[in-house]
Protein chains: 2
Amino acid sequence: MTPMTPGAPAPKGSAPKGQRPARTTATRQKLFDASMALIGERGAANVTVDEIAAAAGVSKGTVYYNFGSKSELIAQLLRHGVDILKARLLGTAEDGTAGPKTTGPGTTRDPLLAMEAMIGQAMDFMAEYPSFARLWVSENWRTPSEWQGTFTVLRGELLAVIGQAVESVAKAYPVDESVSRGSLETAIFGACFVVGLDRQTYNPERTRDQSVAAIMAIMRGYVLKPAAPQE
Amino acid sequence: MTPMTPGAPAPKGSAPKGQRPARTTATRQKLFDASMALIGERGAANVTVDEIAAAAGVSKGTVYYNFGSKSELIAQLLRHGVDILKARLLGTAEDGTAGPKTTGPGTTRDPLLAMEAMIGQAMDFMAEYPSFARLWVSENWRTPSEWQGTFTVLRGELLAVIGQAVESVAKAYPVDESVSRGSLETAIFGACFVVGLDRQTYNPERTRDQSVAAIMAIMRGYVLKPAAPQE
DNA sequence: CTATTTGTACTGACTGGTCAGTTTAGCTAG
DNA sequence: CTAGCTAAACTGACCAGTCAGTACAAATAG
């Protein structure tokens, strides 16, 4: 479901004309789904290519035909997941809501509400693709990693989206300038992953909104006078 | 350095009389140091027991003599690290400061300052033992993991320490009761790891205090009227 | 004070299994 | 027709765990 296939249509020698990957797209999606589930559960190093192929219902050769190596499969899996996450985050940025708690028809565009909607989207993503979140936290921060470059790029893309939202807040409200913008974005970024994963793993009884509220505390602490918190 | 050896003095059949683990303690410490470094860098699954033994300057058999299995070595490594971290966090809780930014001789015991000191200690720990932090985020959240039980226990111990500090703040200040205590603790806990690791991996130019300030934004957002933020 | 025993800590070669990646010949959907 | 895929066997490196044996210190015996 939700086929996306980012930027690499042809596996090896690319056909110069238009894209004809009719079967290929389906095969890749199946491989993404299967490897996402397995790798998220047991870790990249503890899952074999044979298992992934079996779970996807294709043969081992197909994996190597499409991706060339286990390492490359995982790299593209990371890109794939980030594309989905980015699309969701940006989707909310367009109208500031997209959540179930719309404040009203005319009250959109408030940066703090947009921020809240975005974090809500992040929580939903973590709930829907917990395996991706686990893969991310497992392999990000590994210093000489095979996916070092991949992570640097993808992390930058995601932080840019968050940075945009923080920027909007900083323009609309007086904020605590003594807090470094970068550290703040990192804290929010990390908190989304960790709170989302913790909810999934240790505290399934926690609601989505509780998690969002906890992360939003960061923003309320960043903004100087939060205009009397709905008391 | 800093020998600790938590709770298991004798490996198999314990000598009933006095403890003579003179060599053993040193060996275990060497194995902890070596495996911490290697596993933190490349991940538990990508490090071999032979490598660990070689790095520690002992033979492979010694690893199995002392720990019985690779899995058990890692479990004890996790306990070891958490003991160190807990000791640091609790050390600050006793007098509320212990950081380089003591406010004065009589002004200690303010819960928010204590919180800040504690987060500072956490940042120092992440900087000193980045490999432990990496191991933690890599293997925590793995659903059917070999160390599931270990993580549940250790996570509980650490969250209890944070919970204590949050509790003190909630007693001394008016706080936003709509934010669930558990989610808040989780967010702080996670933010410490992630911000500390990100600093180590991607942003070494960020200072310790910037990181602390970003995480403290959570607390300032949790407290309702932060008494006019030093403007 | 010597000799023997005992138990602990450690050694390192070896085993049996696992797994990434390759190869090849053939099938099938578009 | 051919790009995409299958099925199965194979290679070669790699690695967790084992085990028979060594080193040495303290206890016990002669």
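Letters go in sequence order (proteins before strands), and every chain restarts at 1. Keep in mind it's a predicted model, so treat the numbers as computed, not measured.
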Gap between atoms [atom1] and [atom2], on [X] and [N] respectively (whole Å):
X	N	atom1	atom2	answer
A/Leu31	D/dC5	CG	P	9 Å
A/Tyr65	D/dT6	OH	P	11 Å
A/Asn66	D/dG4	CG	P	8 Å
A/Glu72	C/dA20	CD	C1'	15 Å

Discussion item. Between B/Tyr222 and B/Arg181, is the side chain to side chain donor-acceptor pair (under 3.5 Å) condition met? List the steps.
Written reply: CA-CA 10 Å; B/Tyr222 180 55; B/Arg181 192 72 60 87; 3.2 Å; yes
Discussion item. With a 4.0 Å limit, can you tell me whether B/Thr62 has a side-chain N or O closer than that to the phosphate oxygens OP1/OP2 of C/dT11?
Written reply: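 For C/dT11, OP1 or OP2 has a side-chain N or O of B/Thr62 closer than 4.0 Å.
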Practice prompt. Check the angle between the aromatic planes of B/Trp136 and B/Phe132 and answer parallel, tilted or perpendicular using the 30° and 60° thresholds.
Written response: tilted
Worksheet item: Which of parallel (below 30°), tilted (30 to 60°) and perpendicular (above 60°) describes B/Phe32 and B/Phe67?
Response: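 Judged by the thresholds at 30° and 60°, the geometry between B/Phe32 and B/Phe67 is tilted.
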Fill in: Salt-bridge contact B/Glu157-B/Lys86 (side-chain N to carboxylate O under 4.0 Å)
yes
Discussion item. Looking at B/Glu146 and B/Lys70, is any side-chain nitrogen of the basic one under 4.0 Å from a carboxylate oxygen of the acidic one?
Written reply: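 No, this pair does not count.
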Worksheet item: Are the side chains of B/Ser168 and B/Met115 in touch, meaning some heavy atoms are under 4.5 Å apart?
Response: no
Produce the list of close N/O pairs, under 3.5 Å, pairing protein atoms with atoms of nucleotides 15-21 of chain D; give distances to one decimal.
unit_1: D/dA16; atom_1: OP1; unit_2: B/Lys70; atom_2: NZ; d: 3.2
unit_1: D/dA16; atom_1: OP2; unit_2: B/Val49; atom_2: N; d: 3.0
unit_1: D/dA16; atom_1: N7; unit_2: B/Lys60; atom_2: NZ; d: 2.8
unit_1: D/dG17; atom_1: OP2; unit_2: B/Tyr64; atom_2: OH; d: 3.2
unit_1: D/dG17; atom_1: OP2; unit_2: B/Lys70; atom_2: N; d: 3.3
unit_1: D/dG17; atom_1: N7; unit_2: B/Lys60; atom_2: NZ; d: 3.0
unit_1: D/dG17; atom_1: O6; unit_2: B/Lys60; atom_2: NZ; d: 2.8

